[in-house]
> 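The structure's right below; bear with me while I get my questions together.
Position 1 is the first residue of the sequence, and the numbers go up from there. Just so you know, these numbers use all the heavy atoms, side chains as well, and skip hydrogens, waters and symmetry mates.
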Amino acid sequence: MTIREFKMPDVGEGLTEAEILKWYVQPGDTVTDGQVVCEVETAKAAVELPIPFDGTVHALLFEEGTTVDVGQVIISVQTAGSAADAPVQEAAAPVAEAAPAAPAAEEPVAEARQPVLVGYGVSTASTKRRPRKAPAGTAAQNGTAAPAAAPAVAPVLPAVPAQPGGERPLAKPPVRKLAKDLGIDLASVVPTGDGGVVTREDVHAAAAAAITPQAAPVAAAPVAPQAQAQAPVAEAAAAAPAVEPSARETRIPVKGVRKVTAQAMVGSAFTAPHVTEFITLDVTRTMKLVQELKDDPDLAGLRINPLLLIAKAVLVAIRRNPDVNASWDEAAQEIVLKHYVNLGIAAATPRGLIVPNIKDAHAKTLGELSESLSSLVATARDGKTSPADMQNGTITITNVGVFGVDTGTPILNPGESAILAVGAIKLQPWVHKGKVKPRQVTTLALSFDHRLIDGELGSKFLADIAAVLEHPRRLITWS
């Protein structure tokens, strides 16, 4: 028998570490080539890692929640291969003995090429690793004698869903991912494949049986009934850490998506000269159109909401003001006009703010745009947005109205020229045809980069968005 080790892989994302979110296997489990054994979070997205060989899990080297450098061994597997098949590795140490002691201060990392993880290339900036706490029982460094360590105990990991017979359901990695994306427990699926293997058809059948008339909305802060009319965009609040009753402070490590977002926002705020303009408007006709489209049999099965028509209004306004859809090339000191629109939708997820975008949104029909928005929201809510989905955006919409907020001054997504904040839609007194009447009213805020969008262009663009939402027939006449 041979002990083979699986290391945190270099999967091309321009990062040097990842956090282990969840283990799908335990010591003693049988694994096969291509089976997903764990889920990790990089600074860009959550990624599932398949193991590249068959065998029996010997040891898990890190607990869930641990940040691991690329290249470190995370799991060892006992295989039936001979020494000629793979080099025999020293048996892996339990978790408590796996990680080296942390240095006394932050350890600088040279600017040379760093190992990378999933799709972004190599970062040229120098980086620093966070100091890590030395686990209990770790030998002392610098030649000093270490005290006798108590025998380490392997971590207790969450049990994998089991079938009635106690065995893990049989399914290929893509099928497991499909089941996870659809929220289906494989243990509850009746397998029809050879040897009791769960197939894609089995998962889809289970999902169809579990469909409810209306998908549950994403968890969010309570909002006014008028604000609830707007579509929540994956506004799932992060779970609050447990706090001791006597505690006066709680420290939350900033890492992963939150860390990268924070760095990007600081960079954007202090490199692009922001200007924000506001407009308050009557969207009663748009709200009526939303209801009419919901009742249209030709659009049955599609998610129709105010955000969909706001997105369409932005696309129409870009067609009338194409210079808005641009970016600033600092190195060349040039304005780069984009002849396509990758429409970003800011989404607050448990892992932090992300901005996935709909590729070539300008070329989509209303139905296609609805499908793309629904897919974007579901993927972001599940924490499965891929790095590619967050690249090359041109303009962004952020829907703060879902929280009952009237408006804000949004910060530009790096590399983009403008971002539109949509406030809550509320019933308010409004002068309509010479009389004060209750109307559905909202406020839009447009932040833009003043290097390439001057006041006139920004004002025209915002006014056109408002004009379409006040009189949605312009979705046709201006297209």
Side-chain angles (χ1 to χ4, degrees), residues 231 233 275-279 281-283 285-287 289-290 292-293 299 302-329 334-346 355-376 389 391-399 410 412-413 415-422 442-479:
V233 186
V275 173
T276 305
E277 294 187 340
F278 309 89
I279 189 167
L281 61 148
D282 177 4
V283 293
R285 294 183 180 90
T286 288
M287 297 303 290
L289 178 57
V290 168
E292 291 173 2
L293 293 175
L299 298 176
L302 296 178
R303 187 179 179 87
I304 308 297
N305 51 45
L307 180 62
L308 174 63
L309 296 189
I310 292 168
K312 200 67 176 175
V314 169
L315 296 173
V316 169
I318 289 175
R319 180 174 294 184
R320 290 170 57 84
N321 305 274
D323 289 351
V324 165
N325 193 47
S327 64
W328 178 267
D329 186 335
E334 294 176 341
I335 295 173
V336 182
L337 296 178
K338 308 293 177 64
H339 304 300
Y340 58 90
V341 181
N342 290 345
L343 182 62
I345 304 294
V355 187
N357 59 76
I358 300 171
K359 308 299 184 188
D360 293 324
H362 66 287
K364 294 183 180 294
T365 64
L366 188 68
E368 292 169 342
L369 192 61
S370 173
E371 291 177 344
S372 296
L373 275 171
S374 296
S375 175
L376 178 149
D389 289 339
Q391 288 182 309
N392 302 320
T394 61
I395 195 166
T396 292
I397 298 173
T398 178
N399 182 12
L412 295 172
N413 199 35
E416 299 180 10
S417 61
I419 179 172
L420 179 74
V422 181
T442 191
T443 299
L444 304 179
L446 180 73
S447 291
F448 53 87
D449 187 338
H450 217 339
R451 292 174 297 182
L452 50 121
I453 299 177
D454 59 22
E456 179 185 13
L457 177 58
S459 299
K460 285 182 176 180
F461 178 61
L462 182 59
D464 279 353
I465 296 173
V468 172
L469 295 175
E470 286 182 324
H471 300 280
R473 66 175 181 271
R474 291 186 171 119
L475 289 171
I476 299 174
T477 59
W478 284 4
S479 294

> With rounding to the nearest 0.5 angstrom, report the CD to CG distance, Glu368 to Asp360.
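Here the rounded value is 11.0 Å.
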> For the residue pair Leu337 and Ala326, what are the closest heavy atoms and their distance?
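Minimum heavy-atom separation between Leu337 and Ala326: CD2-CB, 3.7 Å.
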> Please determine, by modelled atom types, if Thr394 and Glu416 share a side-chain donor-acceptor pair under 3.5 angstrom.
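Distance-only check fails for Thr394 and Glu416.
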> Do Ile395 and Phe461 make a side-chain contact, defined as non-hydrogen atoms from C-beta onward lying under 4.5 Å apart?
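Side-chain contact under 4.5 Å: yes.
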> Restricting to pairs with a member in residues 459-479, which pass salt bridge (charged side-chain N to carboxylate O under 4.0 Å, His left out), not counting sequence neighbours?
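Pairs touching residues 459-479 that pass the test: Arg320-Asp464, Glu456-Lys460.
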> Cut-off 3.5 Å, side chains only: do Ser459 and Glu277 have a donor facing an acceptor?
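Yes - a donor-acceptor pair under 3.5 Å links their side chains.
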> Would you say Ser374's side chain and Ser370's backbone share a donor-acceptor pair under 3.5 angstrom?
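Yes; judged by distance alone, with no hydrogens or angles, the pair exists.
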> Please report the interatomic distance CD1(Ile453) to CH2(Trp328), rounded to the nearest 0.5 Å.
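One gets 12.0 Å once the value is rounded to the nearest 0.5 Å.
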> With side chain to side chain contact (heavy atoms under 4.5 Å, CB included) as the criterion, how do Thr442 and Leu281 come out once you've worked through the C-alpha distance, each side chain's angles and the decisive distance to 0.1 Å?
CA-CA 6 Å; Thr442 191; Leu281 61 148; 4.1 Å; yes
> Backbone N or O of Asn357 within a donor-acceptor pair of the Asn342 side chain at under 3.5 Å?
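Such a contact is absent between Asn342 side chain and Asn357 backbone.
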> For a quick test of reading the model, state the closest non-hydrogen atom pair linking Asp454 to Leu457 and the distance between them.
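What the structure gives for the nearest pair is OD1-N, 2.9 Å.
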> Heavy atoms, side chains only, cut-off 4.5 Å: are Leu420 and Ile465 in contact?
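Yes, their side chains come closer than 4.5 Å.
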> Determine yes or no for a side-chain-to-main-chain donor-acceptor pair under 3.5 angstrom, with His362 supplying the side chain and Val341 the backbone.
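Flag set: sc His362 to bb Val341 pair under 3.5 Å.
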> Once you round to the nearest 0.5 Å, how far does OG of Ser327 lie from CG of Leu452?
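Between Ser327 OG and Leu452 CG, I get 7.5 Å after rounding to 0.5 Å.
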> What closest approach, in Å, do Leu412 and Ser447 show between heavy atoms, and which atom pair accounts for it?
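So the two residues come closest at CD2-O, 3.5 Å.
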> Is there a side chain to side chain contact (heavy atoms under 4.5 Å, CB included) between Thr396 and Ile345? Walk through the geometry before answering.
CA-CA 6 Å; Thr396 292; Ile345 304 294; over 6 Å; no
> How many angstroms lie between atom NZ of Lys312 and atom CG of Leu366, to the nearest 0.5 angstrom?
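It comes to 6.0 Å.
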> So Leu289 and Thr286, side chain to side chain contact (heavy atoms under 4.5 Å, CB included) or not? Walk me through it.
CA-CA 5 Å; Leu289 178 57; Thr286 288; 5.5 Å; no
> Report the C-alpha separation of Leu462 and Leu444 in whole Å, then their side-chain angles, then the decisive distance to 0.1 Å, and conclude whether the side chain to side chain contact (heavy atoms under 4.5 Å, CB included) test is met.
CA-CA 8 Å; Leu462 182 59; Leu444 304 179; 4.1 Å; yes
> Can you name the one residue among Asn413, Thr398, Leu446, Asp449 that meets side-chain contact (heavy atoms from CB on, under 4.5 Å) with Ile419?
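The passing option is Thr398.
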> For the atom pair NZ (Lys338) and CD1 (Ile318), what is the distance rounded to the nearest 0.5 Å?
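With rounding to 0.5 Å, NZ (Lys338) is 11.5 Å from CD1 (Ile318).
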> Measuring from Leu373:CG to Leu369:CG, what's the distance to the nearest 0.5 Å?
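If I round to the nearest 0.5 Å, the distance is 5.0 Å.
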> Testing the basics here: between Thr276 and Ala445, what is the closest heavy-atom pair and its distance to 0.1 Å?
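Reported closest heavy-atom pair: CG2-CB, 4.2 Å.
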> Please name the pair of heavy atoms, one in Trp478 and one in Ala467, separated by the smallest distance, quoted to 0.1 Å.
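It is CH2-CB, 3.8 Å.
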> Which atom pair, heavy atoms only, marks the closest approach of Ser372 to Ile358?
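Minimum heavy-atom contact is CB-CG2, 3.7 Å.
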> Distance-only, no hydrogens or angles: does the Asn321 side chain make a donor-acceptor pair with backbone N or O of Val324 under 3.5 Å?
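Judged by distance alone, no pair lies under 3.5 Å.
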